[in-house]
Colleague: 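For reference, the structure I am asking about is given below.
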Protein chains: 2
Amino acid sequence: MTFNFFNIFTFLHMAKQKDNPAENKKGESYLTHVAFDSVVFGFSGEKLKILVMEYHNTGLFALPGGFVGLKENLNAAVRRGLKERTGLSNIYLEQCYVFGDVKRHQPAVLRKIIKANGLAADDKHWLLDRFISVAYYALINYSKVKLQPDTLSDSCEWYDLDAVPKLMLDHNLIVQKALETLRKNLDEKLLGTNLLPLQFTMKQLQQVYEAILDEKVHRTNFQRRMLASGLLIRTEKQFLGKAHKAPYLYQFVK
Amino acid sequence: MTFNFFNIFTFLHMAKQKDNPAENKKGESYLTHVAFDSVVFGFSGEKLKILVMEYHNTGLFALPGGFVGLKENLNAAVRRGLKERTGLSNIYLEQCYVFGDVKRHQPAVLRKIIKANGLAADDKHWLLDRFISVAYYALINYSKVKLQPDTLSDSCEWYDLDAVPKLMLDHNLIVQKALETLRKNLDEKLLGTNLLPLQFTMKQLQQVYEAILDEKVHRTNFQRRMLASGLLIRTEKQFLGKAHKAPYLYQFVK
DNA sequence: ATTTTATTGTCTCAATTTGATACAATAATA
DNA sequence: TATTATTGTATCAAATTGAGACAATAAAAT
């Protein structure tokens, strides 16, 4: 088994019971009370999707998340986590909100996960402690992703945004907040392009906008606005053998 | 001395050395590794100001901040802190960013503060540990504030935004980020009105905008835009004995 | 009492942006 | 060669914005 400490199960496996700091068997330690969760957006088949993990034998779904190394930048920890899950570096990533309510502390839920994996759920296990979670959203090129299934048998899959299951703790709320933030920031630097391959047609970009905003946009006005932004470079035409005019491919200016 | 645990000095005083959780002599405990800092904006004399604390005998300036009780919501902790400093409840408050870089961990600075106050700065003192800080910005009615000077002799004063001294750690960066966020959000629900008394003239509101954006705005177009928002109620005229037409007073719709 | 001063509130008009539609161009197919 | 399903651009009215004109007015100056 390869070491993958982004995964909470691996982490459970390795964590020794220690008050502070939390330490795994490789001697690596993490900040207590601090966690992060990522809402990873992808775009495929005209739909917006996010990554959701399923914890085995528990029926529990959750966002991919993790913990911060004692000597690790918070943002770096999140990137490390995303790398583990998707294989991608250089992901577009933004903070979104910090969830810090007491009611999100539900040791019973964590205990269920721990037990379902045959681990000792001592009452003093540090993972049963309260955590503040820093939520991020990430925009990735769906087609480049290689989801890495986990050694401890939980899965990590794409779910259509409109078909996300009930997630543990406040994770559905986190998804909501991430989507809100994404919508608010959408026009900054044509954010949506992060969800597409290097080159894309205007129609694809429009579909990304429509998926995120959950509303139709006017085609020609959208095109006018995108071109006027000066952030798109027009490259060659894309011939797909369809019986109509071939669209241009565009790419984001570097 | 009254107990004021928003203040880091008071906290230093009361904190016993304990790994986790940190506990003061009243038996109250706080989350380790988690802190918050507030950029408190006020408006007076046509200028935007923020609250800055000065740590005595150290030459160190800092933003007001604090820690989160074990059974306390993060947002509630920040409000508690603001109440202590300003005497105000119901403050407009927003999260702004989480600062989580390793390089912000500078135990030498904290040690200096601790020593300057005649406290034991044991190497294992929990305050010398690394903290993630959740930054907030607050908008308050300057005239309503009663700054509460602290029993442990640090001060808390207003500084013009363009004359903020060098602050400890990354606090100047936090101010920058808060200002950016404020600018981005300024138009939502006439945010600026939170910096003014219940009733205000259009000119005052304009000055708030100009102070925040650091640029002049066109008077009549500004007025048109504000009135068109439908969020302002016009009340009586304000007679200040000046040799010109008296302006109307407005207030934000509730 | 009348004029002056400094500001306020409203109006106007051109410039720009936006919304909606028309229409020509064009790959591949029939 | 005509047809089909787009795509890219142009057009025009409607709405918004930028800049300035101007009348109203509260108090001071004359």
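Per chain, numbering begins at 1; letters A, B, ... match sequence-line order.
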Colleague: According to the interplanar angle, ranging from 0 to 90°, do the rings of B:Tyr136 and B:Phe36 count as parallel (below 30°), tilted (30 to 60°) or perpendicular (above 60°)?
Modeller: perpendicular

Colleague: Using whole Å, what does the distance between atom P of nucleotide C:dA20 and atom NZ of A:Lys216 come to?
Modeller: 15 Å

Colleague: Rounded to the nearest 0.5 Å, what separation is found between the CZ atom of A:Arg219 and the CD atom of A:Glu210?
Modeller: 11.5 Å

Colleague: Taking the minimum atom-to-atom distance to the side chain of A:His244, which one of C:dA27, C:dG9, D:dG8 wins?
Modeller: C:dA27

Colleague: With a 4.0 Å limit, can you tell me whether A:Lys237 has a side-chain N or O closer than that to the phosphate oxygens OP1/OP2 of C:dA27?
Modeller: yes

Colleague: Need to verify one output field. Residue with the more 5' nearest nucleotide on DNA chain C, B:Lys203 or A:His218?
Modeller: B:Lys203

Colleague: Could you check how far CG of B:Leu205 sits from C1' of C:dG9, rounded to whole Å?
Modeller: 15 Å

Colleague: Expressed in angstrom and rounded to an integer, what is the separation of B:Phe222 atom CZ from C:dT8 atom P?
Modeller: 12 Å

Colleague: Among the candidates D:dA10, C:dG9, D:dA19, find the nucleotide nearest to the side-chain atoms of A:Thr220.
Modeller: D:dA10

Colleague: So which one's nearest nucleotide on DNA chain C is more toward 5', B:Thr201 or A:Lys242?
Modeller: B:Thr201

Colleague: Between C:dT8 atom C1' and B:Gln223 atom CD, what is the distance in whole Å?
Modeller: 7 Å

Colleague: Are any of the side-chain nitrogens in A:Asp187 or A:Arg225 under 4.0 Å away from the carboxylate oxygens of its partner?
Modeller: yes

Colleague: Please check the phosphate of C:dT10 (OP1 and OP2 only) for any side-chain N or O of B:Arg234 closer than 4.0 Å.
Modeller: yes

Colleague: Rounded to whole angstroms, how far apart are OH on A:Tyr248 and P on D:dT6?
Modeller: 19 Å

Colleague: What is the distance, to the nearest angstrom, from the CZ atom on B:Arg219 to the P atom on C:dA6?
Modeller: 15 Å

Colleague: Determine whether a donor-acceptor pair (one donor, one acceptor, N or O, separation below 3.5 Å) exists between the side chain of A:Lys245 and the base of D:dT7.
Modeller: yes

Colleague: Using whole Å, what does the distance between atom P of nucleotide D:dT6 and atom CD of A:Gln206 come to?
Modeller: 13 Å

Colleague: Rounded to the nearest Å, what distance is computed from the CD atom of residue A:Gln238 to the C1' atom of nucleotide D:dG8?
Modeller: 15 Å

Colleague: Please tell me which of the listed nucleotides, C:dG19, C:dT12, C:dT29, lies nearest to the side chain of A:Asn221?
Modeller: C:dG19

Colleague: Checking only heavy atoms, does the side chain of A:Arg224 share a donor-acceptor pair with the base of D:dG8 at less than 3.5 Å?
Modeller: no

Colleague: If we check ring-ring contact (aromatic ring centres under 6.0 Å, His included) with A:Tyr142, which of these qualifies: A:Trp158, A:Phe200, A:Phe41, A:Phe43?
Modeller: A:Trp158

Colleague: With under 30° as parallel and over 60° as perpendicular, where do the rings of A:Phe61 and A:Tyr159 fit, or are they tilted in between?
Modeller: perpendicular

